[in-house]
Amino acid sequence: MTEQRRCTATRRDGRPCAAQALPSEPYCWAHSPTLAEQRQRSRAKGGRNSAKAARLRKLTPPRLLPVFDRLETALDEVHTGALDPRAATAMAALARALATLLTAGELEERVRLLEQRTGGEQET
Ligand SMILES: [Zn+2]
């Protein structure tokens with residue numbers, strides 16, 4: 001029988017963390033001081049560990065990169081109880097709106113370029 005060890009940390013809202021502890025530590029991935037240090041380091045370097053994350057970052061419009069980073073941090077913060085999930089939900093909604101606007105603007109620009117190139121008669 002495998003016993004599921006729970007994280008022994010206390011969330012900032014005073015409730016115990018319910019996440020599963022890491023095999024080698026009494027804490028979950030979000031509360032682990034070891035991992036926190038690693039995360040801090042990789043952030044300081046501006047590096048992302050996985051190739052996939054790096055690729056996704058490259059696809060993100062530059063204007064949205066700080067938003068991307070903020071949301072990534074918010075994910076940890078919600079998990080550790082440092083951030084109110086409702087605040088995170090609001091942040092996510094705003095980020096989505098921002099991304100939609102930027103994407104629409106970019107599409108508009110590309111259509112305009114295409115029309116210029118083909119001598120389109122869309123001008124009104
Ligand atoms: Zn925890």
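Because only heavy atoms are used, hydrogens play no part in the values below, and waters and symmetry mates are left out as well, while side chains stay in. Both ligands and their constituent atoms are indexed starting at 1 by order of listing.
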Exercise. Is V78 reachable from L35 through a run of hydrophobic residues whose side-chain heavy atoms are each under 4.5 Å from the next?
Worked result: no
Exercise. Which value, rounded to the nearest 0.5 Å, describes the distance between W29 atom CH2 and L22 atom CG?
Worked result: 10.0 Å
For this session: Kindly give the heavy-atom pair with the smallest separation between R11 and H79, and that separation in Å.
Result: NH1-O, 4.0 Å
For this session: For R12, look at atom CZ and say whether over 12 heavy atoms of other residues, nucleotides or ligands are found less than 6.0 Å away.
Result: no
For this session: Go through the structure and list residues passing side-chain contact (heavy atoms from CB on, under 4.5 Å) with E106, not counting sequence neighbours.
Result: R110
Problem set entry | Environment of the Zn ion (ligand 1) in terms of protein N/O/S atoms, cut-off under 2.8 Å | C7 SG, C17 SG, C28 SG, H31 ND1
For this session: In plain terms, say whether R5 and E25 are close enough for a salt bridge, that is, a side-chain N and a carboxylate O under 4.0 Å apart.
Result: no
